[in-house]
Amino acid sequence: FLFWIYLLFPLINKEFDHSVKVIKKNASSKTFYESKVLMLDSKKSKKFLNWKAKYTLEESIKLISIWQKEFLAKRNILKISQKQILDYFK
């Protein structure tokens with residue numbers, strides 16, 4: 001889990017002009033269940049569907065950050081969503 005934080009945090013923070021902060025929450029105050037390990041594996045989709053990722057991790061984070069910035073600025077989310085979907089299918 002910490003590996004992913006150390007991998008993803010610099011990429012995300014870069015997209016938000018280094019304004020993202022990590023807040024460590026007291027584990028004993030949980031009011032919901034969260035799995036300790038989340039593992040996604042695309043091997044079956046590659047094998048059976050001949051699928052491969054269209055975007056790299058960095059590209060995905062960039063697109064997510066663009067959408068999030070637009071959302072926080074209360075801009076037209078429908079427009080940016082449609083643009084990102086159309087770009088995906090190009």
Side-chain angles (χ1 to χ4, degrees):
F1 177 73
L2 285 177
F3 167 77
W4 288 108
I5 291 174
Y6 289 117
L7 174 71
L8 295 174
F9 183 75
L11 298 173
I12 294 168
N13 208 16
K14 182 179 116 187
E15 293 301 325
F16 285 93
D17 300 321
H18 302 283
S19 63
V20 176
K21 305 285 186 252
V22 174
I23 299 171
K24 187 174 180 182
K25 185 177 176 184
N26 183 355
S28 64
S29 68
K30 282 188 179 181
T31 58
F32 59 91
Y33 171 77
E34 186 171 348
S35 176
K36 298 287 183 203
V37 178
L38 298 175
M39 297 179 70
L40 300 176
D41 188 352
S42 60
K43 289 178 189 169
K44 282 186 181 179
S45 60
K46 288 177 184 176
K47 180 179 177 181
F48 295 110
L49 302 173
N50 199 28
W51 176 87
K52 65 177 184 173
K54 180 162 181 153
Y55 298 124
T56 65
L57 178 62
E58 291 82 5
E59 291 169 327
S60 297
I61 290 173
K62 177 80 172 171
L63 290 169
I64 292 166
S65 67
I66 289 169
W67 191 96
Q68 184 68 21
K69 289 174 188 176
E70 294 291 312
F71 174 78
L72 293 173
K74 300 193 184 309
R75 294 198 182 108
N76 189 342
I77 296 304
L78 178 60
K79 185 176 179 181
I80 191 68
S81 298
Q82 289 172 333
K83 180 186 180 316
Q84 287 183 347
I85 291 168
L86 289 173
D87 289 346
Y88 176 84
F89 286 108
K90 285 184 181 177

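These numbers come from the heavy atoms of this one structure, side chains and all, not from hydrogens, waters or symmetry mates. Since we're looking at a predicted model, the values are computed, not measured.
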Full working for side-chain contact (heavy atoms from CB on, under 4.5 Å) between Asp87 and Leu63:
CA-CA 11 Å; Asp87 289 346; Leu63 290 169; over 6 Å; no
Under the side-chain contact (heavy atoms from CB on, under 4.5 Å) criterion, do Glu15 and Ile12 qualify, and how do the steps go? CA-CA 5 Å; Glu15 293 301 325; Ile12 294 168; 5.9 Å; no
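Glu70 CD to Leu72 CG: the interatomic distance, rounded to the nearest 0.5 Å, is 10.0 Å. Separating the CD1 atom in Ile61 from the CD atom in Gln68 is a distance of 13.0 Å, to the nearest 0.5 Å. One finds the CG atom of Asn13 at 12.0 Å from the CG atom of Leu8 (value rounded to the nearest 0.5 Å). Annotation: the span from Ile77 atom CD1 to Phe71 atom CZ amounts to 6.5 Å, rounded to 0.5 Å.
Between Tyr88 and Tyr55, the shortest heavy-atom contact is CA-OH, 3.3 Å.
Counted within 6.0 Å of NZ on Lys54, heavy atoms from surrounding residues, nucleotides or ligands total more than 12; the atom is thus considered enclosed. Heavy-atom neighbours of Lys14 NZ from other residues, nucleotides or ligands within 6.0 Å: at or below the threshold of 12. Few gaps surround CZ on Phe9; more than 12 heavy atoms of other groups in view lie less than 6.0 Å from it.
Looking at residues two or more places apart in sequence or on another chain, you find a side chain to side chain contact (heavy atoms under 4.5 Å, CB included) between Leu78 and Asn76, Gln82.
Under a 3.5 Å cut-off, the side chain of Thr56 and the backbone N or O of Glu59 do form a donor-acceptor pair.
When the side chains of ILVMFWY residues are joined at heavy-atom separations under 4.5 Å, either directly or via intervening members, Ile66 and Phe16 end up in two distinct hydrophobic clusters.
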